[in-house]
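Everything below concerns the one structure shown next.
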Amino acid sequence: MRWSKVFIPTLREAPADAEAPSHQFLLRAGYIRQVAAGVYAHLFLAQRSFLKINQIIREEMNRIGAQEFYLPALNPAELWKESGRWDQVDVIFKFKDRNQHDLCLGITHEEEMTNIARSELRSYRQLPQIWYQIQEKFRDEPRPKSGLLRLRQFIMKDSYSFDLDEAGLDVSYQKHVDAYHRIFERCGLRFLHVEAFSGMMGGKVSSEFTAPAEVGEDSIAVCDCGYAANFEKAQSRPAPVDDLPGDSPPEPFATPGKKTIDDLVKFTAESPARMIKTLDFFVESHPVVILLRGDHTMSETKLAMTLGTDVFRPATPEEAFALHGAHLGSLGPVGLKGVRIIADLALEGRKNLLAGANRDGEHLRNVTPSRDFQAEFADVRQVEEGDPCIQCGRPLRVTKAIELGHVFKLGRRYSEAMHATVLDEQGKEVTLVMGSYGIGVERILSAAAEQNHDKDGLFLPRPIAPFEVILTAANMDDAAVRAAAESLYDELLKHRVDALFDDRDERPGVKFKDADLVGVPFRITVGKRKIGQGLVELLERSTKQATDVKLPEVIPALRGRLGC
RNA sequence: CGGGGCGUAGCGUAGCCUGGUAGCGCGCUUGGUUCGGGACCAAGAGGUCGGAGGUUCAAAUCCUCUCGCCCCGACCA
């Protein structure tokens, strides 16, 4: 393409409402323009990138035997009511047609795909199936943000697997995990595959692929040994604590006015790791008492997992008083009757701890779990940066990351609700076992932009950059430069190099600045001084390393760098 | 949904407190000079100051309502 003929509206300054680097540069480089909050027009350069990204996705999905579909974004309400999500999910764009029928725009397509599966799949002989599409999704997000990072309309590659049993699902799931690794690898991203929570999608096992970046919304705990998990789900070994010896029974002591762990630490000079923190919650009308080590923080997500529901709330001070016979500050587990007590794993096997005495102004020492009170032990603690890795014991790091893709073992959540069954070998009706797998296409581009920019602009990975090379003719009015550039451009096209020829009648400075901005990984510069010696310049954008190359050698040199 | 900020030409902004014909830089058009890191000179085009209502002789400016956008938090398949 000749720059003089195409529309690449670069900006010298970033629009004031763009903050994230990917947002600023995609605007400045003329990739995108905003239409509304969380809604963007993809201009020429963006569309070229997306076509390349989609092609990579397609190739890798096809490679695992997935079949490409294209379902409508416009969905009748019936299916969503059947699965229960019409009322459960609040980001659905809902509206009525002229006949007052409820419709919505698809947020994802479990319902639609399951609907096809149930009406068409009859026999185990037809399994497994993997169906996918690259299609628009609509979500009425409470807070769209950061350019293409959180959109209300976005492109998703979503796929759905249908298997006869769990073993089959495991295979389909693993195929996706492998495909996703190849996709993100080929897109040139730095990424992590991490354990995750399934949230409202339903199902038990899920993991996500994330790209480390400052502006990411996910927090990821990572370790050098390869362990990586969503912060909400991450586990760690609690730092070991030496408990005091002895088997004395709990002994009350006065702690007037000491209400917090901090107060108690100052008052007793004991380590908070030797204290028990007591938190009361209610699940519907049932109280649940949560115990944690004094220096630990509870993870609401893990508690939700343990309780099997995310509908719970902290007890009011009055409710806590009714349960313990004491006010907040002196709550403890000893002597509680008929209440479910969940103790964090960090309290298992410990002895002689400090806890509230359930009498105002008093605490107990020598409290030993399982002797002085009974509790279920579960992991309800949020990890902290520096905690020993659950696998190898080295300190965990916490990093921000962009969620690129998420893979779920759904199980029978949708197939059961929508009666999607086939007959097995014995002629018995069997409910399909499903998986669902998503990739955010815009997020691949934004993550690449976040990971590959400097003060002057973008340098996208070659496979997803809108062009592979930009041919800059520094002086179009110089006959020798012009002739050399024109013939180089022809040669590049002949060699099927994806080239953008900056043939504009602009000053060299303007062209160099624009070339730096637009995210093309290589630049060939033809200038009037060097062309006299038969030389042109080959520059790698990411490092800005430039080398002078003899004119006939520049295309082989470039192709070598491009790996083709 | 809670908190904060902002809407003035394509982009960045001044003017608003203290009401009196809307200004600057970049970009754009034309002519000339220039030409390896966002040139210079000259002449131009371009704005219902987000919208509605009100106060006033007079509103970008004051008041009320409203719409939109951004950021933090909540939420997040």
Side-chain angles (χ1 to χ4, degrees), chain A residues 7 9-20 23-24 27-30 33-40 80 83-85 88-92 106-111 137-147 149-152 154 156 158 160 196-203 206 208 215-219 230 232 300-301 310 402-403 405-408 410 413-414 435-440 443 455-457 472-478 481-482 502 504-517 523 525-532 535-537 539 544 546 548:
Chain A
F7 183 61
T10 58
L11 300 172
R12 293 197 183 211
E13 288 174 288
D17 48 10
E19 228 168 64
H23 188 196
Q24 293 192 359
L27 283 168
R28 282 192 56 201
R33 287 295 183 261
Q34 185 173 30
V35 175
V39 182
Y40 284 82
W80 293 82
S83 73
R85 287 208 287 185
Q88 278 170 17
V89 179
D90 70 346
V91 295
I92 302 177
I107 51 169
T108 163
H109 280 69
E110 279 76 11
E111 282 79 357
K137 299 288 182 271
F138 299 83
R139 299 183 184 183
D140 194 1
E141 291 287 347
R143 182 145 108 81
K145 58 179 286 197
S146 305
L149 276 176
R150 188 171 196 75
L151 294 163
R152 293 195 296 171
F154 59 97
M156 183 191 260
D158 47 322
Y160 306 86
F197 273 103
S198 305
M200 297 307 288
M201 282 296 289
S206 87
E208 51 187 43
V215 296
E217 298 178 274
D218 277 13
S219 290
N230 191 297
E232 285 286 274
E300 291 201 12
T301 315
D310 57 2
I402 296 164
E403 182 182 349
H406 206 147
V407 291
F408 299 89
L410 290 177
R413 155 81 177 83
Y414 295 90
S436 99
Y437 317 88
I439 290 178
R443 284 184 176 179
K455 65 176 175 42
D456 294 320
T472 301
N475 335 84
M476 277 305 279
D477 54 353
D478 183 278
V481 167
R482 180 175 210 122
D502 190 350
R504 291 175 300 169
D505 187 19
E506 288 286 351
R507 293 165 59 84
V510 172
K511 294 184 165 194
F512 294 148
K513 288 290 183 189
D514 273 344
D516 284 349
L517 237 194
R523 186 178 93 203
T525 313
V526 184
K528 79 179 155 196
R529 279 203 278 278
K530 284 175 186 166
I531 200 65
L535 294 174
V536 295
E537 191 177 276
L539 177 134
K544 293 218 176 159
D548 288 338

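Please read these numbers as outputs of a predicted model, since none were measured by experiment. First the proteins, then the strands, lettered A, B, ... as listed; each starts at 1. Side chains included, hydrogens not; waters and symmetry mates left out as well; all remaining heavy atoms used.
At the heavy-atom level, A:Ala474 lies under 4.0 Å from base atoms of the strands shown. Using a 4.0 Å heavy-atom distance criterion, A:Arg529 is classed as a sugar-phosphate-only contact. At the heavy-atom level, A:Glu19 lies under 4.0 Å from the strands shown only through sugar-phosphate atoms. Counting any heavy atom pair closer than 4.0 Å across all strands shown, A:Arg33 reaches no nucleic acid atom. Within 4.0 Å of A:Glu537, counting heavy atoms only, lies at least one base atom of the nucleic acid. Here A:Pro15 lies in heavy-atom contact (under 4.0 Å) with sugar-phosphate atoms only. Here A:Ala18 lies out of heavy-atom contact (under 4.0 Å) with every strand. Residue A:Thr472 is classed as having no contact, given no heavy-atom separation below 4.0 Å to the nucleic acid.
Figure legend. B:U33 is base-paired to B:A39; pairs are counted as Watson-Crick or G-U wobble with both atom distances under 3.5 Å. Nucleotide B:G7 forms a pair with B:C67, judged by Watson-Crick or G-U wobble geometry with both contacts under 3.5 Å. Pairing of B:C16, defined by two Watson-Crick or G-U wobble distances under 3.5 Å, is not identified with any nucleotide. The pairing partner recorded for B:G27 is none, the criterion being a Watson-Crick or G-U wobble arrangement whose two distances lie under 3.5 angstrom.
Atom P of nucleotide B:C35 and atom CZ of A:Arg482 are separated by 18 Å, given to the nearest angstrom. A straight line from CG of A:Asp477 to P of B:A39 spans 15 Å, rounded to a whole angstrom. When the P atom of B:C70 is taken as reference, atom CD of A:Glu141 falls 13 Å away, rounded to whole Å. Atoms CD (A:Glu13) and P (B:G10) sit 15 Å apart, rounded to a whole Å. Following rounding to the nearest Å, A:Leu11 (CG) and B:C11 (C1') show an atom-to-atom distance of 6 Å.
Comparing B:G36, B:C70, B:U13 by their nearest atom to the side chain of A:Ala16 picks out B:U13. For A:Pro142, the listed nucleotide lying nearest its side chain is B:C75; candidates were B:U34, B:C75, B:G37. When the nucleotides B:G37, B:G38, B:C75 are ranked by their closest atom to the side chain of A:Asp514, B:G38 comes out on top.
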Report each atom pair, protein N/O against N/O of nucleotides 27-32 of chain B, whose distance is under 3.5 angstrom.
from: B:G27; atom 1: OP1; to: A:Arg12; atom 2: NH2; distance (Å): 2.9

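Projected onto RNA chain B by closest heavy-atom contact, A:Lys145 and A:Ile92 fall at different nucleotides, the more 5' of which corresponds to A:Lys145.
As rounded to the nearest Å, B:C62 and B:U18 have P atoms that lie 9 Å from one another. The gap from the P atom of B:C16 to that of B:C57 amounts to 24 Å, rounded to the nearest Å. For the C1' atoms, the distance linking B:A9 with B:U29 amounts to 15 Å, nearest Å.
Residue A:Asp17 places no side-chain atom within donor-acceptor reach of the base of B:C6, judged by atom type and a 3.5 Å distance cut-off alone. The base of B:G36 lies outside donor-acceptor range of the side chain of A:Arg523, with no N or O pair under 3.5 Å.
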Check your understanding: Are A:Lys145 and A:His23 close enough, and set up right, to give a side chain to side chain donor-acceptor pair (under 3.5 Å), and what steps lead you there?
Key -> CA-CA 9 Å; A:Lys145 58 179 286 197; A:His23 188 196; over 6 Å; no
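Look at A:Arg143 and you won't find any side-chain N or O under 4.0 angstrom from OP1 or OP2 of B:A74. Under 4.0 angstrom from either OP1 or OP2 of B:C70 there lies at least one side-chain N or O belonging to A:Gln34.
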